[in-house]
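Not measured: the values here are computed from a predicted model.
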Amino acid sequence: MKAQSLKLKAQSLEGFTLIEALVLLFIFSLITVTFYSLFSFGIRYIQDSKNRLGALAVANEKMEIVRNLKYDDIGTVDGEVEGNIPQDETVIENGRQYNVHTLVEYVQDSFDGMYPNDTAFEDYKRVTVTASWNTGGVSQREVKLVSRFVPPGLEVANPGNGILSVNVFSDQPGGTGIPNSVVHISNPDTGLNTQKETDASGNATFMGDKVTESIQKYEITVTKTDYETVNTLPPYSISPFNPVDVHASVVIGSINVTNIVQNKLASLEIATVDYLDQSIDDISFHLTGGRKIGTEVEMPNDPIYNLNTDSSTDSSGEKDFDRISPGQYKFYLASSVTDDYELIATDPSSSYEIIDGKEIYSTSLYSDQSLTWKVKLADKNITSIIISILRSDDDSPISGAQVNLKNSFGYDRTQTTSANGKVFFPTTSDPFQAETYDIKVTADGFKENNSQSTVNTNELKVETIKLTAQ
């Protein structure tokens, strides 16, 4: 008995020692991970400080070169203010590559009045030197130096120079001017090829030696991370349609304003399902919409959008359209699909029209929205019925109509028509019999309609009922 007690005590001590070892290992691992994280952070901080000091040195050197130039020589190659300073350079400093961008621009100061009261509107030059470096992947950091250079003496009017003001804003609900959008502008006739960011109000103004009179030749491209890219286009007939955003013009003696809409991107998922919300794969469709970029030249001047594609859902019954422009989108099934399926409705419910025999559904997509557009389909080879309720005077669909379907065996269901005026039976996985059904349709403002329809086995019956207004 004593020997057994000693054995149990030894086992207890052995177990306690193992727990202590595990606790010690956990504490050691925690300390190691914490130390490594602090060490890594310290290394990154030191490296970032080194890179930033290098960028400052590069930017300072560039600015010192500008400070030693005569006022009339301060300008950039292809920039709005003409000169010999390169707009973009690659500089190596302490083994690190830096991209150096130099922007020289005239500033119109309100102190002595604004154009047209102030004919010498190019009051002084502002030079911005930006030195940026890559931190790995697509991430970049930068330092920026800004200096002001005033002319030696009185301001001089340059009658051949013009003003081009570009306003970038969102037309979405609550939309305002878009700051920090990059506005790139070029004109081969004047030699202009430069860019700058919009200010807090969404404006970027260009003036100088290469902003001269030119009609619909200033090509503008506006970009910003997570926003749509907008390009102006040449007028018809250089473009095959009438563009919404045409290349800008500059007319001397006036302030030339170009307004450009730029919205945050959105995402749209098309999901094809049956009446039980089970996915249906490999459904071909056509989708068009997003940003309106123009209109057709010939009547009826149909709109042209930046997304216009034929596509199909995958094996999961889904198709994703990521990073697309917000706007109105229209959807219809490919003709090869309509041989096997009938479209019941879409969710969310959408507006509906028939054009050239195609049932076209539309929905709205807003900035920064992720929308799943569910398309419900009926297999033409199952025992079922689609009932379409139309107006008797113009054959337009009636939404909100109450459709009751029943037979002598106790089937009794009521559904409400959607925007396309349709309802589908059955509504559940319960067996739906091939029978003759009584149909009762009521809708506000219309006379009640009673009729019958016979549903056959393994066949989708399509029934159309027209209501007469009261």
Side-chain angles (χ1 to χ4, degrees), residues 268-287 311-319 331-354 358-363 371-390 397-407 409-443 451-465:
L268 176 65
E269 178 188 75
I270 303 294
T272 48
V273 298
D274 63 14
Y275 70 98
L276 296 175
D277 274 349
Q278 303 297 315
S279 63
I280 303 175
D281 62 355
D282 197 26
I283 297 296
S284 299
F285 61 88
H286 182 85
L287 183 69
S311 190
S312 62
T313 55
D314 58 18
S315 58
S316 300
E318 299 172 350
K319 175 62 180 179
F331 168 98
Y332 63 82
L333 293 173
S335 56
S336 58
V337 176
T338 56
D339 294 336
D340 300 314
Y341 293 94
E342 187 84 18
L343 202 156
I344 302 171
T346 62
D347 182 18
S349 180
S350 56
S351 59
Y352 165 84
E353 58 187 334
I354 298 178
K358 297 183 179 69
E359 292 186 274
I360 300 176
Y361 294 78
S362 60
T363 192
L371 175 66
T372 297
W373 199 7
K374 192 179 293 184
V375 179
K376 292 191 175 185
L377 303 175
D379 190 333
K380 291 185 176 182
N381 296 312
I382 65 171
T383 307
S384 56
I385 183 172
I386 282 182
I387 304 173
S388 181
I389 311 301
L390 307 177
I398 300 174
S399 63
Q402 300 294 307
V403 181
N404 175 259
L405 188 72
K406 65 180 179 180
N407 64 15
F409 294 95
Y411 187 90
D412 192 344
R413 297 283 189 277
T414 299
Q415 288 206 75
T416 303
T417 56
S418 56
N420 62 0
K422 294 181 180 182
V423 291
F424 174 81
F425 298 92
T427 58
T428 67
S429 59
D430 295 338
F432 187 74
Q433 295 178 333
E435 282 289 343
T436 298
Y437 290 84
D438 295 323
I439 305 173
K440 177 182 176 181
V441 183
T442 58
S451 60
Q452 287 186 328
S453 182
T454 300
V455 178
N456 299 318
T457 303
N458 297 329
E459 180 183 310
L460 171 65
K461 179 66 177 290
V462 178
E463 191 76 56
T464 299
I465 297 175

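- The aromatic rings of F425 and Y411 sit perpendicular, their planes meeting at an angle over 60°, well past the 30° parallel limit.
- No side-chain donor-acceptor contact under 3.5 Å links S399 to the backbone of T417.
- Residues T442 and Q402 have side chains that never bring a donor and an acceptor to within less than 3.5 angstrom of each other.
- Between N407 and T436, the closest side-chain pair of non-hydrogen atoms is not below 4.5 Å.
- Under the side-chain contact (heavy atoms from CB on, under 4.5 Å) rule, K380 has a single partner from E459, K461, E342, which is E342.
- Looking at heavy atoms from C-beta onward, V455 lies out of side-chain contact with Q433 at the 4.5 angstrom threshold.
- Distance check, rounded to the nearest 0.5 Å: OG of S311 to NE2 of H286 gives 10.5 Å.
- Across every non-hydrogen atom of T383 and A434, the tightest pair is CG2-N, 4.0 Å.
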Point to revise | Chi angles and distances behind the side chain to side chain contact (heavy atoms under 4.5 Å, CB included) call for L405, V423 | key: CA-CA 10 Å; L405 188 72; V423 291; over 6 Å; no
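- Judged purely by distance below 3.5 Å, without hydrogens or angles, the side chains of T313 and T272 pair a donor atom with an acceptor atom.
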*Using the side chain to side chain contact (heavy atoms under 4.5 Å, CB included) rule, take D379 and D340 through it: C-alpha gap first, then chi angles, then the decisive distance, then the call.*
CA-CA 6 Å; D379 190 333; D340 300 314; 5.5 Å; no
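- Counted by atom type alone, S362 and S351 present one or more donor-acceptor pairs between their side chains at under 3.5 Å.
- Distance check, rounded to the nearest 0.5 Å: CD1 of I389 to CD1 of I465 gives 4.5 Å.
- Between W373 and L287, some side-chain heavy-atom pair lies under the 4.5 Å cut-off.
- E269 contributes atom CD, which lies 4.0 Å from atom OG1 of T372 (distance to the nearest 0.5 angstrom).
- N420 places a side-chain N or O within 3.5 Å of a backbone atom of I344 that can act as its donor or acceptor partner.
- No donor-acceptor distance shorter than 3.5 angstrom exists from the side chain of S316 to the backbone of E318, with no hydrogens or angles considered.
- Using a 4.5 Å heavy-atom threshold, the side chains of F331 and I360 count as separate.
- Within the 4.5 Å cutoff, the side chain of V337 has no heavy atoms near those of the F285 side chain.
- Between L343 atom CG and K376 atom NZ the span is 11.5 Å, to the nearest 0.5 Å.
- The only member of D274, V403, I386, I387 that meets side-chain contact (heavy atoms from CB on, under 4.5 Å) when paired with F424 is I386.
- Across all their heavy atoms, L276 and S429 have their closest contact at CD2-N, 3.7 Å.
- The structure places OG of S384 at 9.5 Å from CG of N381, a figure rounded to the nearest 0.5 Å.
- Looking at S350, its side chain never comes within 3.5 Å of a backbone N or O of Y361 through a donor-acceptor pair.
- Rounding to the nearest 0.5 Å gives a distance of 8.5 Å between NZ of K422 and OG1 of T464.
- Taking the centre of each ring, Y437 and F432 come in below the 6.0 Å mark.
- Not one N or O on the side chain of E359 forms a donor-acceptor pair closer than 3.5 Å with the backbone of Y352.
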